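Being a predicted model, the structure only gives us computed values, none of them experimental.
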Amino acid sequence: MDLEKQPQQTRPVGIRASDADRDRIADILRDALAEGRLDAEEHSERIESVYRAKTLAELEPLVQDLPTAHNGGRPDPGTAAYASAGEPETAVTAENLVAVFSSSTRRGRWRIGRRTNAFSLFGNIEIDLTEALFEQRTTVINATAIFGNVEVTVPENVTLRGSGTGIFGNFEVDTLEAENPEAPVVVVNGYSVFGNIEAKPKRGKLVADLRGLVDKRLRKHLG
């Protein structure tokens, strides 16, 4: 009997999938694409299924033929490296933006969650954070562009960091360190294949009432 596989066999299949579960599977698929285990078409088909999945039973078949499928996944490097003390990971919420032969735009006055997943296949995604409401310190954007484009714009008084790879494509983050050490932090993780991922500050755009935002977050943390 294979003891390593036994927990997989007895795991309830009707459990609802969380955002962290979907991100874990997406990370495995991203690595498989980079290693050549999946081609671009296979990756795009599976990643679409990931963000439509409702239960763990729908997620597990998407990686069962990949060698990293049973390693329990890995923590999001952006979240692990830049998470702020006092912000519990259990409160993570995610928004999924998908553009397949189409475009998707997120801009204006909106509440940005802790995590946003952007997937572009022959499409264009624009994420404009210049007027967004930051209710947590760290925001992570996971971007995948396959023959597509993902553009992220942030205010110039936040911290912007990134980590990613471009294969016959472009991954570019104009890193920025805010003067205020408690300013919001935006981390862009990306992977592009014949595509483009860019993140940069927009000159003249600032987070309004940054001091009030920091004070509000501190009061919430102290209870």
*asked:* Within this structure, what is the CD1-CG distance for the pair Ile25 and Leu59, rounded to the nearest 0.5 Å?
replied: 5.5 Å
*Taking only residues two or more places apart in sequence, or in another chain, which ones meet Arg106 in a side-chain contact (heavy atoms from CB on, under 4.5 Å)?*
Glu95, Leu97, Trp110
_Flag, side chain of Ser120 to backbone of Asn149, donor-acceptor distance under 3.5 Å_ = yes
*Set of side-chain hydrogen bond (donor to acceptor under 3.5 Å, both in side chains) partners for Asn170, sequence neighbours left out*: Asn196
_With a 4.5 Å cut-off on side-chain heavy atoms, are Ile125 and Ser103 touching?_
no
*Could you state whether Ile167 and Ile47 fall into the same hydrophobic cluster, counting links through intermediate Ile, Leu, Val, Met, Phe, Trp or Tyr residues with side-chain heavy atoms under 4.5 angstrom apart?*
yes
*asked:* Checking Val186 against Leu129 for the side-chain contact (heavy atoms from CB on, under 4.5 Å) test, could you report, in this order, the C-alpha distance in whole Å, the side-chain angles of both residues, the deciding distance, and whether it holds?
replied: CA-CA 10 Å; Val186 178; Leu129 303 180; 4.0 Å; yes
*What closest approach, in Å, do Gly169 and Ser192 show between heavy atoms, and which atom pair accounts for it?*
C-OG, 3.9 Å
*Measure across Ile112 and Phe134 and return the closest heavy-atom pair with its distance rounded to 0.1 Å.*
CG2-CD2, 3.7 Å
_Applying side-chain hydrogen bond (donor to acceptor under 3.5 Å, both in side chains), can you list everything that pairs with Asn117, at least two apart in sequence or on another chain?_
Asp23, Asn96, Asn142
*Hphob cluster co-occupancy, Leu133 + Leu160, side-chain heavy atoms under 4.5 angstrom*: no
*If you take all heavy atoms of Arg161 and Thr175, which pair is closest and at what distance?*
CA-CG2, 4.5 Å
_Ser18: which residues meet the side-chain hydrogen bond (donor to acceptor under 3.5 Å, both in side chains) condition with it, sequence neighbours left out?_
Asp21
*asked:* For Asn124 versus Ala99, what's the shortest heavy-atom pair and its separation?
replied: O-CB, 3.8 Å
*Tell me, do Val158 and Val185 make a side-chain contact under 4.5 Å, heavy atoms counted?*
no
_N-O pairing of Glu58 and Arg52 below 4.0 Å_ = no
*Is the shortest heavy-atom distance from the side chain of Val63 to the side chain of Leu29 under 4.5 Å?*
yes
*asked:* Applying salt bridge (charged side-chain N to carboxylate O under 4.0 Å, His left out), can you list everything that pairs with Glu131, at least two apart in sequence or on another chain?
replied: Lys205
*Atom pair CD/CD1 of Glu172 and Ile197 - distance to nearest 0.5 Å*: 11.5 Å
*Are any of the side-chain heavy atoms of Thr159 and Leu176 separated by less than 4.5 Å?*
no
_I need the Glu135 CD to Arg114 CZ distance, nearest 0.5 Å._
10.0 Å
*Rounded to the nearest 0.5 Å, how far apart are CG of Asn180 and CG of Asn157?*
8.5 Å
_Run the salt bridge (charged side-chain N to carboxylate O under 4.0 Å, His left out) test against Glu198 and tell me which residues pass, sequence neighbours left out._
none
*Thr144: what forms a side-chain contact (heavy atoms from CB on, under 4.5 Å) with it, not counting sequence neighbours?*
Arg30, His43, Phe119, Ile146
*Enter the distance from Arg16:CZ to Thr55:OG1 here, rounded to the nearest 0.5 Å.*
7.5 Å
*For Ser49, check side-chain contact (heavy atoms from CB on, under 4.5 Å) against everything at least two apart and list the hits.*
Leu62
_Non-neighbouring partners of Thr153 that pass side-chain contact (heavy atoms from CB on, under 4.5 Å), sequence neighbours left out_ = Asp128, Thr130, Lys202
*Just grab all the ring-ring contact (aromatic ring centres under 6.0 Å, His included) pairs involving residues 136-162, residues at least two apart or on different chains.*
Phe122-Phe147, Phe147-Phe194
_Euclidean distance, Ile127 CD1 relative to Thr105 OG1, rounded to 0.5 Å_ = 9.5 Å
*Which residues satisfy the salt bridge (charged side-chain N to carboxylate O under 4.0 Å, His left out) test with Glu42, sequence neighbours excluded?*
none
*Glu156: what forms a salt bridge (charged side-chain N to carboxylate O under 4.0 Å, His left out) with it, not counting sequence neighbours?*
Arg203
